[in-house]
Every structure is written in structure tokens, then in C-alpha cells.
Amino acid sequence: MRTRGSESFIVLPLLPIFLIGLFPMLLLSLLGPAGLIILGILVASAGLTDILDASGTFSEQIIVHGYAKGSERTGQRTALRSEMRFALVMIASGAALAVAGIGGLALS
């Protein structure tokens, strides 16, 4: 039978994953459904912030650089739409988390 080597080298790459996942685990275990509502509100707020940031960046491009060529405008609009699409997904998932939390509070 062979002896296995130490697997402690895997601890350092997995540490950020553990630290990122620590907050939601504590939030859900300590607060229960109310924690799910809080997490949903935070995710939806991050989505709203992304929408505002994308709109601000688009407006800044228009104001600073003025009237751009058609291809540049198309690229700017495409970037704005893709950022807003992702932000809307975040808002929808935050709303779903909040609704699930409210349902959990109603059931408990």
C-alpha cells in the first residue's frame, strides 16, 4: 500500500471560494427566510446599480466624444444592451430570492 502525499496545497486556491461562500451560508443559517429576503434585495440593488452605471457610461461616451460614426454607435448600443440584459437578470433573480424568502416566512 502506498502512502498518500499531503493535499494541503489545495487549501490556498480554495480559500477565496470558501470566503465568498461564507457570508451567504451564515446569512441563511442565522436569519433563515429573512436572510433570503435580504440577499434578494442586495442582488436586486446590485442589478439596479449596474443599470445606472451602464447608462452613465453610455451617456458619458455620447457627451465626451460627441456624435460618433454609425459603427461606433452600434458598438456602444450593443454594449449598453448587453450590460442591461445582465443587470435585468440580476434584478429578476433578486426578486425571485425575495419572493422565496417571503414564501418561507409565510410557511414558517
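This structure is a prediction, so every number in the text was calculated from the model and none was measured.
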So, using side-chain contact (heavy atoms from CB on, under 4.5 Å) as the criterion, who are the partners of [X] when residues are at least two apart?
| X | answer |
| --- | --- |
| Thr74 | Arg77, Thr78 |
| Glu83 | Ala54 |
| Leu14 | Ile10, Ile17 |

Phe18 with Leu12, same ILVMFWY side-chain cluster at under 4.5 Å: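 Different hydrophobic clusters.
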Give the cluster check for Leu105 versus Ile41: same hydrophobic cluster or not, with ILVMFWY residues linked at side-chain heavy-atom distances below 4.5 Å.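 Yes, Leu105 and Ile41 fall within the same hydrophobic cluster.
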Distance-only criterion, 3.5 Å: show the donor-acceptor pairs between side-chain atoms of residues 26-40 and protein atoms not counting sequence neighbours.
| residue | atom | partner | partner atom | Å |
| --- | --- | --- | --- | --- |
| Ser29 | OG | Met25 | O | 2.9 |
| Ser29 | OG | Leu26 | O | 3.2 |

Could you measure the distance from the CD1 atom of Ile102 to the CG atom of Leu107? Nearest 0.5 Å is fine.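 CG of Leu107 is found 12.0 Å from CD1 of Ile102.
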Taking ILVMFWY side chains as joined if any heavy atoms are under 4.5 angstrom apart, and letting links pass through other members, which residues group with Leu80?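 When side chains under 4.5 Å apart are linked, the cluster holding Leu80 also contains Leu48, Ile51, Phe58, Ile62, Met84, Leu88, Ile91.
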Where do Asp50 and Met90 come nearest, in terms of heavy atoms and distance?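 Scanning both residues, the minimum pair turns out to be OD2-SD, 3.6 Å.
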Smallest separation among heavy atoms of Pro16 and Pro13, with atom names: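 Closest pair (atom of Pro16, atom of Pro13, distance): CD-O, 3.4 Å.
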Using a 3.5 Å distance criterion without hydrogens, assess whether the side chain of Ser82 forms a donor-acceptor pair with backbone atoms of Ala79.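 Yes; at least one donor-acceptor contact below 3.5 Å.
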Donor-acceptor contact present, side-chain Ser55 to main-chain Leu52, <3.5 Å: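 Judged by distance alone, no pair lies under 3.5 Å.
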Would you please name every residue forming a side-chain hydrogen bond (donor to acceptor under 3.5 Å, both in side chains) with Arg73, sequence neighbours left out?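 Per chain and number, Arg73 pairs via side-chain hydrogen bond (donor to acceptor under 3.5 Å, both in side chains) with Tyr67.
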